[in-house]
Amino acid sequence: MMFLLWSMFARRPQRRSFALVDNAGICRGLHHGVDRPASGNWVEVSETSLAWLDQPLPASARVAPVVRQPSRRRALAA
C-alpha cells in the first residue's frame with residue numbers, strides 16, 4: 001500500500017519526442033523516450049505525427065534547443 005502511494009507522488013522522468021531526419025530533411029523515424037537516441041540525426045520535436053514519415057519535417061515541429069549560459073556574477077557599481 002505504501003509503495004502505491006509513493007509511486008503516485010514520485011517524480012517520473014518526462015518523456016520527450018524525437019524525429020529521425022536524414023540529410024535532405026526527410027523524417028525517417030519517430031521515438032518517445034527520456035533521452036535522445038545515441039546514433040542518428042535525431043531532433044527533438046514538440047509532438048509526433050505519423051504523417052511526417054517520408055515527408056519533410058515541418059520547421060514548426062522542432063523544439064528550439066535550450067542553451068544555458070554560465071551564470072556570471074555582475075560587479076556592482078560602487
Side-chain angles (χ1 to χ4, degrees):
M1 180 67 174
M2 187 63 155
F3 178 75
L4 177 64
L5 285 173
W6 186 259
S7 66
M8 287 174 52
F9 296 107
R11 294 189 75 183
R12 295 184 184 133
Q14 186 174 0
R15 294 177 58 102
R16 298 160 41 198
S17 300
F18 299 94
L20 177 62
V21 180
D22 66 10
N23 292 336
I26 305 297
C27 179
R28 298 296 179 192
L30 301 170
H31 175 76
H32 292 281
V34 177
D35 296 319
R36 178 186 318 264
S39 63
N41 185 23
W42 291 92
V43 295
E44 189 169 1
V45 292
S46 57
E47 60 181 348
T48 58
S49 172
L50 291 176
W52 296 346
L53 292 174
D54 295 326
Q55 300 294 322
L57 185 67
S60 61
R62 293 178 187 248
V63 172
V66 176
V67 178
R68 294 188 176 190
Q69 297 293 331
S71 60
R72 295 186 218 174
R73 300 192 128 208
R74 293 184 179 180
L76 297 174

What distance do Glu44 atom CD and Ser17 atom OG have between them, rounded to the nearest 0.5 Å?
-> 7.5 Å
Indicate yes or no for a side-chain donor-acceptor contact from Arg15 to the backbone of His32 under 3.5 Å, with no hydrogens or angles considered.
->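 Side chain of Arg15 to backbone of His32, a donor-acceptor pair under 3.5 Å: yes, one is there.
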Measure from the side-chain N and O atoms of Arg36 to the backbone N and O of Trp42, and report whether any donor-acceptor pair falls under 3.5 Å.
-> yes
What are the two closest heavy atoms between [X] and [Y], and how far apart are they?
X: His31; Y: Asp35; value: NE2-O, 3.9 Å
X: Pro56; Y: Ile26; value: N-CD1, 3.8 Å
X: Val63; Y: Ser46; value: CG2-N, 3.4 Å

Apply the test side chain to side chain contact (heavy atoms under 4.5 Å, CB included) to residues Leu20 and Val43: give CA-CA distance (whole Å), side-chain angles for both, the deciding distance (0.1 Å), then the verdict.
-> CA-CA 7 Å; Leu20 177 62; Val43 295; over 6 Å; no
With side chains defined as the heavy atoms from C-beta onward, is the minimum distance between Leu57 and Arg28 less than 4.5 Å?
-> no
Quick one: does Leu30's side chain get under 4.5 Å of Trp52's, heavy atoms only?
->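 Leu30 vs Trp52: side chains touch.
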Single-linkage hydrophobic cluster Val21~Leu53, side-chain heavy atoms < 4.5 angstrom |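 In one cluster: yes.
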